[in-house]
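Okay, structure first, notes after.
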Amino acid sequence: MVLGAVNVDMVVRAPRLPAPGETVVGPGMERFGGGKGANAAVAAARAGGRVRYIGAVGDDDIGRQALRELQDDGVDTSGVLVSTASPTGVALIVVGPGGENQIAVGAGANGDVSAELVTAELARVLPGAGGVLVSTEIPEEAVAAAVRAAHGAGVRCILNPAPVVPVVAELLGLGPVLTPNAGECLALAGRPPADGAEPKRDQVLDAAHALVAVTGAEVVVTLGADGVLVVRPGGTSEHVPPRPATVRDTTGAGDTFSGVLALALARGVGLDDAVRIANAAAALSVAGEGARGGMPTADELVAAEP
Ligand code: ATP
């Protein structure tokens with residue numbers, strides 16, 4: 001089970017990012033499937049999982065296309081709400097010449113994912129689920145309902161706190177496996193780096209230990225091109241180096257990581273091997289365009305990480 005947002009990403013590559021009030025013109029527009037929940041669902045399905053995604057789209061053309069794309073990747077979308085109240089979520093992205101970007105998200109129907117919807121869906125399907133992956137671009141009460149339902153049913157919950165929202169702090173005691181990136185790890189532990197400085201690995205490690213002390217479960221921190229940090233209950237930790245990658249577009253690397261990690265854990269793979277597989281999948285994902293372009297199939301993953 002994967003819960004979180006689904007968006008349509010619309011990307012314009014421009015000669016520079018626009019200043020306030022300015023219009024910049026690029027040669028065209030590219031459209032990619034996005035939203036951390038939907039991306040992770042695709043990553044897990046492409047890697048061979050049987051995946052059910054819960055979220056919401058609007059009753060509009062881009063929403064129907066978003067659902068078709070999920071279905072084409074084998075994701076079960078029968079639990080997705082088609083909202084008549086809101087349009088499908090969109091991310092409007094301008095990319096400058098050096099790859100820097102400016103993003104505005106219209107959350108749209110993602111804001112209509114209610115605690116009631118989540119609770120009803122999970123009550124029906126949780127008994128047969130190997131794991132639940134939750135990301136936080138949906139209303140906080142829906143996030144809380146999902147983590148609480150998984151905990152109540154004794155099903156392993158992976159919580160990707162992206163972005164960090166206040167309700168996450170309330171859910172840590174329920175023992176989800178956390179998959180923050182470095183900045184999210186520091187923010188969750190209440191130790192953001194001074195004036196936006198680049199986080200140091202030691203600081204992140206300390207913060208992850210502090211989180212493990214609260215959750216009593218593994219904290220798996222993604223470090224981008226620096227690989228992964230794993231901290232386990234009991235206090236042991238390990239730095240897993242990155243896999244070699246051809247970097248084209250790193251959008252969605254974290255979603256690929258959490259989706260494939262959740263799938264491996266749901267299948268009963270031990271944490272160390274699950275992290276190794278997810279690290280390999282995420283390294284492959286950065287070679288493709290958009291969040292989903294490089295996400296590997298099960299065969300591609302086996303070839304890269306036998
Ligand atoms: P996003 O928000 O774009 O999904 P994120 O900040 O959540 O990203 P990152 O920590 O940037 O996630 O990356 C997730 C994982 O992807 C890393 O832990 C690593 O396994 C893999 N990865 C990312 N960049 C690279 C790279 N340049 N080379 C190899 N692996 C990479």
Side-chain angles (χ1 to χ4, degrees), residues 2 4-7 9 11 32-44 47 91 93 95 99-103 105 133-137 158-165 168 177-188 192-193 196 198-201 203-205 207-208 218-231 237-264 271-296 300-301 304-305:
V2 180
V6 56
N7 288 325
D9 293 352
V11 180
F32 300 108
K36 288 180 191 297
N39 291 343
V42 168
I93 305 170
V95 179
E100 69 280 20
N101 60 30
Q102 224 173 38
I103 305 176
V105 172
L133 169 62
V134 185
S135 56
T136 52
E137 292 176 318
I158 292 90
L159 179 57
N160 185 22
V164 174
V165 290
V168 172
V177 174
L178 296 172
T179 59
N181 65 18
E184 291 154 358
C185 180
L186 291 170
L188 261 184
E198 196 57 30
K200 301 236 173 11
R201 202 199 287 166
Q203 282 179 297
V204 177
L205 183 63
E218 295 82 1
V219 173
V220 183
V221 188
T222 63
L223 302 173
D226 197 21
V228 186
L229 205 51
V230 182
V231 180
S237 65
E238 187 189 352
H239 173 245
V240 181
R243 294 297 305 266
T246 309
V247 182
R248 190 141 165 232
D249 184 345
T250 61
T251 313
D255 307 334
T256 305
F257 185 91
S258 60
V260 173
L261 182 82
L263 172 65
L271 181 73
D272 290 351
D273 281 338
V275 168
R276 188 174 51 76
I277 296 166
N279 192 35
L284 289 171
S285 78
V286 303
E289 291 279 356
R292 303 179 192 168
M295 286 177 180
E300 288 164 345
L301 203 41
E305 185 66 7

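Whatever order the structure lists ligands and atoms in, that order sets their numbers, starting from 1.
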Taken to the nearest 0.5 Å, the spacing of T179 OG1 from I158 CD1 works out to 8.0 Å

If the condition is side-chain hydrogen bond (donor to acceptor under 3.5 Å, both in side chains), which residues does Q102 pass it with, not counting sequence neighbours?
none

May I have a table of the N/O to N/O pairs between ligand 1 and the protein that fall below 3.5 Å, each row giving the two atom names and the distance to 0.1 Å?
unit_1: ligand 1; atom_1: 2 (O); unit_2: K36; atom_2: NZ; d: 3.4
unit_1: ligand 1; atom_1: 3 (O); unit_2: T250; atom_2: O; d: 3.3
unit_1: ligand 1; atom_1: 3 (O); unit_2: G252; atom_2: N; d: 3.3
unit_1: ligand 1; atom_1: 4 (O); unit_2: G252; atom_2: N; d: 3.4
unit_1: ligand 1; atom_1: 4 (O); unit_2: A253; atom_2: N; d: 3.4
unit_1: ligand 1; atom_1: 4 (O); unit_2: G254; atom_2: N; d: 2.8
unit_1: ligand 1; atom_1: 6 (O); unit_2: N181; atom_2: ND2; d: 2.9
unit_1: ligand 1; atom_1: 10 (O); unit_2: T222; atom_2: O; d: 3.4
unit_1: ligand 1; atom_1: 10 (O); unit_2: T222; atom_2: OG1; d: 2.8
unit_1: ligand 1; atom_1: 10 (O); unit_2: G224; atom_2: N; d: 2.8
unit_1: ligand 1; atom_1: 18 (O); unit_2: G227; atom_2: O; d: 2.9
unit_1: ligand 1; atom_1: 20 (O); unit_2: N279; atom_2: OD1; d: 2.7

Partner set under salt bridge (charged side-chain N to carboxylate O under 4.0 Å, His left out) for E300, not counting sequence neighbours
none

I103 to A91 - nearest heavy-atom pair and separation:
CG2-CB, 4.3 Å

Side chains of D226 and H239: closer than 4.5 Å at any heavy-atom pair?
yes

Which residues pass the side-chain hydrogen bond (donor to acceptor under 3.5 Å, both in side chains) test with N39, not counting sequence neighbours?
D255, R292

